[in-house]
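Beneath this line is the structure, given in structure tokens, with notes to follow.
These values consider heavy atoms only, across backbone and side chains, with no hydrogens, waters or symmetry-generated copies. Below, chain A is the first sequence line, B the second, and so on; all start at residue 1.
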There are 2 protein chains.
Amino acid sequence: MYREKIQIKKSEIAVGNLQKIFSATFKISGVKGFQAMSLRDLSYESGISMGGLYSYIGSKNDLASMIEGVLRHHIDLVTNNLIEESLAPLESLKAIIFGALYMMERLSPWYYFCFMELKGLPRERQEKALEIELRFERFLIDGLNRGEEIEVFKCENSDLLASQITAQLQQWHLKPWKFKLKNISLLQYADYCYQSLLNGLDLSPG
Amino acid sequence: MYREKIQIKKSEIAVGNLQKIFSATFKISGVKGFQAMSLRDLSYESGISMGGLYSYIGSKNDLASMIEGVLRHHIDLVTNNLIEESLAPLESLKAIIFGALYMMERLSPWYYFCFMELKGLPRERQEKALEIELRFERFLIDGLNRGEEIEVFKCENSDLLASQITAQLQQWHLKPWKFKLKNISLLQYADYCYQSLLNGLDLSPG
DNA sequence: GTCTATACGTGGATAGAC
DNA sequence: GTCTATCCACGTATAGAC
């Protein structure tokens with residue numbers, strides 16, 4: 001990705017420096033926010049000079065867009081894999097929940113950034129970022145509706161249940177301190193979220 | 001509040017202008033974020049000159065702090081009222097949910113601001129703002145534990161249930177577009193949240 | 001490929017007239 | 001009480017040496 005936009009030819013160097021830039025961005029904007037982060041801050045934290053930065057990022061806004069793009073790319077990959085597996089409704093819903101949490105764990109700063117710094121992105125990107133959430137919810141709703149059709153369970157309010165689950169999952173990257181404070185592991189939380197989903201359903205006997 | 005900090009003596013004028021300033025702040029920072037809002041933007045939107053602004057706000061950061069302070073003040077008032085009422089556990093939990101949503105509806109931009117622009121505030125204020133959420137959750141947990149003691153219901157995981165409910169409630173100000181899109185009213189949503197809470201409990205027969 | 005030096009604009013804040 | 005004019009610092013971005 002972004003091979004054309006970046007002025008550095010040797011991909012080894014480029015990837016390494018991009019990583020430095022991204023993680024420095026996450027570190028600083030995690031503390032003071034992306035808007036408040038100056039490129040001088042970024043230069044200092046990443047160890048790359050101001051001039052050097054511009055071989056990689058084009059502009060400050062561009063940097064935010066890149067981050068959003070990378071995250072969306074990853075999510076698309078995983079989503080497509082899940083679709084191809086075509087599991088039974090409940091199994092599929094479970095896989096969505098566990099998969100989403102696993103992604104959030106691995107890409108936690110990316111998610112957090114895209115949630116909190118949405119307004120920093122250009123309008124077009126903002127909408128795409130919201131689309132991520134909407135697509136995810138529709139994915140859940142599909143699973144719920146399919147389950148109802150096959151009569152595995154009943155669900156009165158699939159819209160609200162889906163957004164409840166979405167909100168719960170987002171907590172994992174939005175408020176990691178809560179879970180550290182109470183010593184909740186990823187798996188425990190995934191189980192709990194899946195349980196909440198089941199609690200929102202009328203499971204048919206058996 | 002803040003009478004001493006503000007240089008304007010006539011309270012009628014002061015209150016009116018403060019309202020202009022606050023709502024202009026919400027409008028602008030709702031679009032581009034607080035950090036990206038310049039005082040020139042604010043001056044234009046509020047109709048008060050740059051110089052004039054400084055009779056009210058002290059500094060840009062001070063403005064953010066004031067907003068956080070006003071919200072916390074309101075929440076404290078309502079919370080104290082609720083405590084004095086000393087209802088039965090389930091009634092109390094229901095009141096907390098409905099009360100919180102009602103507050104969020106009326107003070108929606110204040111909540112949204114304090115959630116999204118936390119990092120704009122000075123550290124001390126940041127912690128106080130997080131404290132709001134923690135106190136709220138502890139309030140829920142208390143209700144849950146009291147219910148267990150009196151054996152009205154069983155609840156295995158009051159911590160996780162409380163933060164689930166908190167997350168659900170926050171959706172109301174964080175993602176109002178979702179609810180408009182699907183035509184969900186405040187009362188419908190309050191009912192749904194209360195229902196989720198019940199779903200998370202083992203209700204004793206009767 | 002990476003750095004230093006620099007240009008240029010914008011933003012926060014204040015002084016002082018009205 | 002409110003405004004205009006102005007100061008100064010900082011932020012983004014670029015040019016050009018190494």
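One interatomic measurement links the two molecules: CD1 of A/Ile21 to C1' of C/dT2, which rounds to 12 Å at whole-angstrom precision. Distance NZ (B/Lys20) to C1' (D/dT2): 11 Å, rounded to an integer number of Å. C/dA13 atom C1' lies 13 Å from atom CD of B/Gln7, rounded to whole Å. Separating the CD1 atom of A/Ile57 from the P atom of D/dT12 is a distance of 9 Å, rounded to the nearest angstrom. With rounding to whole Å, B/Ile28 atom CD1 is found 12 Å from C/dG11 atom P. Atoms CG (A/Leu53) and C1' (C/dT4) sit 14 Å apart, rounded to a whole Å. C/dG12 atom P lies 5 Å from atom NZ of B/Lys60, rounded to whole Å. Protein atom CD of A/Gln35 is 12 Å distant from nucleotide atom P of C/dG12, rounded to whole Å.
Geometrically, B/Lys119 does not engage B/Phe34 in a cation-pi contact defined by less than 6.0 Å to the ring centre and at most 45° from the axis.
Among the atoms of the strands shown, base atoms are found under 4.0 Å from some heavy atom of B/Ser49. Using a 4.0 Å heavy-atom criterion, one finds that A/Asp62 contacts no nucleic acid atom at all.
Side-chain proximity of B/Ser59 to the nucleotides D/dT12, C/dA13, D/dG1 is greatest for C/dA13. Side-chain atoms of A/Met50 lie closest to D/dA13 of the nucleotides D/dA13, D/dG1, D/dG11. Residue A/Ile13 places its side chain closer to C/dT2 than to any other of D/dG1, C/dT2, C/dA13. Proximity note for B/Tyr56 (side chain, C-beta onward) versus C/dG12, D/dA13, D/dT2: the nearest is D/dT2.
In this model, no donor atom of one side chain and acceptor atom of the other lie less than 3.5 Å apart for B/Tyr192 and A/Asn157. Of the N and O atoms on the side chains of A/Gln164 and A/Ser196, not one donor lies less than 3.5 Å from an acceptor on the other residue.
Side chain A/Arg40 to base D/dT12: a donor-acceptor pair is found below 3.5 Å.
Residue B/Asn17 places none of its side-chain N or O atoms closer than 4.0 Å to OP1 or OP2 of D/dG1. Within the structure, a side-chain polar atom (N or O) of A/Tyr54 is placed less than 4.0 Å from OP1 or OP2 of D/dA13.
Between B/Asn61 and A/Gly47, the residue anchored closer to the 5' end of DNA chain C is A/Gly47, taking for each the nucleotide with the nearest heavy atom.
With salt bridges taken as basic N to acidic carboxylate O contacts below 4.0 Å, one links A/Lys178 and B/Glu133. For the pair B/Glu45 and B/Lys27, the salt-bridge criterion is met [side-chain N within less than 4.0 Å of a carboxylate O].
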